Amino acid sequence: MLNISDFNNNLLVWYQANKRDLPWRRTSDPYRIWLSEVMLQQTQVITVIPYFEKFITNYPDIDSLADADEGRLLKDWEGLGYYNRIRNFQTAVKEVQNTYDSKVPDDPDAFFSLKGVGPYIGGAVQSIAFNNLLAAVDGNVLRVMARLNLDYRDMTKASVQKSVKQNIEAIMPLEAGDFNQALMELGATICTPRAPKCIMCPVQGHCEAYKAGEVASLPVKKKAKAKKEIYYNVYFILNDNEEIILRKQEGTLLQGMYELPKYDIDTSVESIEEELGLTLDHPNLHVGSVKHVFTHQVWYMEGYVLYTKDAHPDFISLNEVEKLPMSKAMQKIYRQFEG
DNA sequence: CAGACGTGGAT
DNA sequence: TATCCAAGTCT
């Protein structure tokens, strides 16, 4: 960048004139700003808005979130994905309640030590809520900086991201929160991944990639790994009381969400009977097929109905199913059963 | 560090 | 349809 103060001025003036009216920009409450940043991880603004409104209605402050039932939090988070985010957020908020008198710490070291607070959220909340002079480096900012500086390093590497963060903090103006949001807003609306609107860019004159005709070839990122394909049989196990078996998912993927019992396709019904301790009638009634794509896996699910007269602790009334948090993957196959 | 971790929008 | 990628963090 040729002239830092010229660059900063152009960017900040552009931001003030063009910033979108987003719900979390109407508040100065550090808790609400923090909540928005947790929701915005790997999630588009348009998706977050209704969830943010729901959460500030249901959990308007630190104490209401800290004291909330985890199952209710998960239900309210249902559909937003990356479900550990809300569990981690509640863990962090409980610590704020217990250790910091329910006030979000304005000390960066204290804030960064909280669960779910990484380099991005730490910088974003500390700069936007408290105007601490820290960068908030997200995917937008990495793309903007790679182009401005004709930087061909692999932007997926943590070491490169750290270097970019330091470069930004070296030019950070006193308006830290606005500056960070301006860089992100520029990336989201002008310096986009495809078909960037360089003609509209307030800092075009500072962009090395634009001068070199290399905007389209930046940023450099290593390719994503191929997804693993997994084939499941999913069972709607019913009894004579209008009940169905649903259980909490174990493990790390979709932990805490409720699921229909699912098994690798070569698992026999006999071994399922053994695992569940049930005698099952299997009329071989096929409910439907669903494909669901995750970041790192693809599930192919085949749904079947089974009946039993036996008792099982995981039976739940069909009327109660909608009250439980369920992933989109399970919702898709469950809807085929309802229909 | 690489891989795990959801879902939906855009091309 | 396939691919990228979106206000990233944890293990």
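Protein chains get the first letters and strands the later ones, always in sequence-line order, with residue 1 at the start of each. Since this is a predicted model, take the numbers as computed values, not measurements.
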- Message: Please report the distance separating the P of B/dC5 from the corresponding atom of C/dA7, rounded so that it comes out in whole Å.
- Response: 23 Å
- Pairwise P distance for B/dG3 and C/dC4, with rounding to whole Å: 16 Å
State whether [X] and [Y] are salt-bridged, where the test is any N-O pair (Lys NZ or Arg NE/NH1/NH2 against Asp/Glu carboxylate O) under 4.0 Å.
X        : Y        : value
A/Lys262 : A/Glu302 : no
A/Glu95  : A/Lys115 : no
A/Glu320 : A/Lys323 : yes

To the nearest Å, give me how far apart [atom1] ([X]) and [atom2] ([N]) are.
X        : N      : atom1 : atom2 : result
A/Lys115 : C/dC10 : NZ    : C1'   : 7 Å
A/Lys227 : B/dG6  : NZ    : P     : 13 Å
A/Arg20  : C/dA6  : CZ    : P     : 13 Å
A/Lys197 : B/dA10 : NZ    : P     : 12 Å
A/Tyr51  : B/dG8  : OH    : C1'   : 10 Å
A/Lys157 : C/dG8  : NZ    : P     : 20 Å
A/Glu37  : C/dA6  : CD    : C1'   : 13 Å
A/Phe89  : C/dG8  : CZ    : P     : 16 Å

Using a distance-only criterion (donor-acceptor N/O pair, under 3.5 Å, no hydrogens), is the base of [N] paired with the side chain of [X]?
X        : N     : value
A/Thr47  : B/dG8 : no
A/Tyr120 : C/dG8 : no
A/Thr43  : B/dG8 : no

How would you label the contact of [X] with the nucleic acid (heavy atoms, under 4.0 Å): base, sugar-phosphate, or nothing?
X        : result
A/Val117 : sugar-phosphate
A/Trp34  : nothing
A/Ile128 : nothing
A/Gly79  : sugar-phosphate
A/Ala195 : nothing
A/Ser36  : nothing
A/Arg143 : sugar-phosphate
A/Leu80  : base

- Message: Nearest heavy atom decides the nucleotide; on that basis, is A/Gly118 or A/Lys221 closer to the 5' end of DNA chain C?
- Response: A/Lys221
- Note on the structure: Sorted by position of nearest nucleotide on DNA chain C, 5' first, the leading residue of A/Gly122 and A/Gln44 is A/Gln44
- Could you tell me whether the side chain of A/Asp106 and the main chain of A/Gln126 form a donor-acceptor pair under 3.5 Å? no
- Item | Student check: side-chain heavy atoms of A/Tyr51 and A/Trp77 closer than 4.5 Å | no
- Message: Is the shortest side-chain heavy-atom distance between A/Phe89 and A/Leu65 below 4.5 Å?
- Response: yes
So does [X] get a side-chain nitrogen or oxygen closer than 4.0 Å to the phosphate oxygens (OP1/OP2) of [N]?
X        : N     : result
A/His296 : B/dC5 : yes
A/Tyr82  : C/dA6 : no
A/Lys291 : C/dT1 : no
A/Gln297 : B/dC5 : yes
A/His292 : B/dT7 : yes
A/Asn84  : B/dC5 : no
A/Gln42  : C/dG8 : yes
A/Lys328 : B/dG8 : yes

- Say you draw a straight line from CD of A/Glu175 to CG of A/Leu12; how long is it, rounded to the nearest 0.5 Å? 5.5 Å
- Item | Check against salt bridge (Lys or Arg N to Asp or Glu O under 4.0 Å), A/Arg32 and A/Asp29 | CA-CA 5 Å; A/Arg32 296 185 181 197; A/Asp29 178 358; 3.5 Å; yes
- Note on the structure: Considering only heavy side-chain atoms of A/Ala188, the closest of B/dT7, C/dA7, C/dG8 is C/dA7
- Picking from B/dC1, C/dC4, C/dA7, the nucleotide nearest the side-chain atoms of A/Ser159 would be B/dC1
- When you match A/Arg194 and A/Tyr83 each to their closest nucleotide on DNA chain B, which lands nearer the 5' end? A/Tyr83
- Message: With nearest nucleotide decided by heavy atoms, which residue, A/Lys222 or A/Val293, maps closer to the 5′ end of DNA chain B?
- Response: A/Lys222
